Amino acid sequence: FDVDVPRDLQASEANRYYPIADIVWRGDAPGDRHEQVASLFQAAGERASSSFQGPNDVVVQVQLVRFHGVTEKTRLSVGGTYNMVFLLQVVDARTGAVLEPARQVVANLEAPGGARGRALIEAGQTERVRVVDHLTSVLMSELGANPGV
């Protein structure tokens, strides 16, 4: 998996119901949000790739378009939706030939708020766990059992 989170995507730390930004993520301590979001996709890609079998060695290329998680304010009250949008392309690892052209994938995930959100966290379903699980499932579905065939 080759994950690209372009540096020109704007990250926001604003604690509003809906910050205007390309990247909103609170599932990790404050830090480089671009790197943190890339690590979510990388972890999901590594998990998903264990299910792939095919005649070609491939590189799955992911380029982030938008990653809009929920802020503290939203998570503690009404909840919302993780809106994750990325481009997905599959290329031959040896030749670089495009096996599956880039296509946009929208991977939305409910983000329960209030008591329901807190109950998930207490059960070990942190934001990071839920997002990586969801992205793993989305990647497996988008790529099928045999990417590059």
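Heavy-atom basis, side chains included; hydrogens, waters and symmetry copies ignored. It should be emphasised that the depicted structure is a prediction, and the values quoted were computed from it without experimental measurement.
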Which pairs count as salt bridge (charged side-chain N to carboxylate O under 4.0 Å, His left out) when at least one residue sits in [range], sequence neighbours excluded?
| range | value |
| --- | --- |
| residues 39-50 | R47-D133 |
| residues 53-66 | none |
| residues 31-42 | R7-D32, R7-E35, E13-R33 |

Could you state whether [X] and [Y] fall into the same hydrophobic cluster, counting links through intermediate Ile, Leu, Val, Met, Phe, Trp or Tyr residues with side-chain heavy atoms under 4.5 angstrom apart?
| X | Y | answer |
| --- | --- | --- |
| V132 | V85 | no |
| V65 | V131 | no |
| Y82 | L87 | no |
| V90 | L135 | yes |

Are any of the side-chain heavy atoms of V62 and D4 separated by less than 4.5 Å? no
Would you check if V138 and S141 make a side-chain contact, meaning some heavy-atom pair closer than 4.5 Å?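 A side-chain contact is absent here, since even the closest heavy-atom pair is not under 4.5 Å.
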[X] to [Y] - nearest heavy-atom pair and separation:
| X | Y | answer |
| --- | --- | --- |
| H34 | A11 | CE1-CB, 4.2 Å |
| A14 | P19 | O-CG, 3.5 Å |
| P6 | Q63 | CG-NE2, 3.5 Å |
| E100 | L143 | OE1-CD2, 4.5 Å |

Centroid separation H68 to Y18 less than 6.0 Å: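 Ring centroids of H68 and Y18 are less than 6.0 Å from each other.
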Could you check, using the six-membered ring where one of them is a Trp, whether F41 and F1 have ring centers closer than 6.0 angstrom?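 Judged by ring-centre distance (under 6.0 Å), F41 and F1 do not meet the cut-off.
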At what distance, to the nearest 0.5 angstrom, does [atom1] of [X] lie from [atom2] of [Y]?
| X | Y | atom1 | atom2 | value |
| --- | --- | --- | --- | --- |
| T74 | N15 | OG1 | CG | 7.5 Å |
| L139 | H134 | CG | NE2 | 9.5 Å |
| S50 | M140 | OG | CE | 6.5 Å |
| L120 | Q125 | CG | CD | 6.5 Å |
| D92 | L99 | CG | CG | 5.5 Å |
| F86 | F67 | CZ | CZ | 10.5 Å |

Can S39 and R128 be counted as having a side-chain donor-acceptor contact under 3.5 angstrom?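 Judged by distance alone, the side chains do pair up.
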Non-neighbouring partners of R94 that pass salt bridge (charged side-chain N to carboxylate O under 4.0 Å, His left out), sequence neighbours left out: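 For R94, no residue satisfies salt bridge (charged side-chain N to carboxylate O under 4.0 Å, His left out) once neighbours in sequence are set aside.
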Residue list, side chain to side chain contact (heavy atoms under 4.5 Å, CB included) with V59, at least two apart or on another chain: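 For V59, the residues satisfying side chain to side chain contact (heavy atoms under 4.5 Å, CB included) (neighbours in sequence not counted) are D2, Q61, V91, A93.
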Compile the donor-acceptor pairs under 3.5 Å between side chains in residues 105-118 and protein atoms, sequence neighbours left out, one pair per line.
{"residue": "N108", "atom": "OD1", "partner": "N83", "partner atom": "ND2", "Å": "2.7"}
{"residue": "E110", "atom": "OE1", "partner": "R116", "partner atom": "NH2", "Å": "3.2"}
{"residue": "E110", "atom": "OE2", "partner": "R116", "partner atom": "NH1", "Å": "2.8"}
{"residue": "E110", "atom": "OE2", "partner": "R116", "partner atom": "NH2", "Å": "3.1"}

Looking at I121, is its backbone amide N or carbonyl O close enough to the side chain of T126 to form a donor-acceptor pair, meaning the two atoms are under 3.5 Å apart? no
Distance-only, no hydrogens or angles: does the Q36 side chain make a donor-acceptor pair with backbone N or O of A29 under 3.5 Å? yes
As a quick check of understanding, evaluate salt bridge (Lys or Arg N to Asp or Glu O under 4.0 Å) for E72 and R26, giving each step before the final call. CA-CA 7 Å; E72 300 87 342; R26 302 297 193 275; 3.2 Å; yes
Quick one: which of L40, V70, T71 gives a side-chain contact (heavy atoms from CB on, under 4.5 Å) with W25?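 Passing option: L40.
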Is R103 atom CZ crowded by more than 12 heavy atoms from other residues, nucleotides or ligands, each under 6.0 Å away? yes
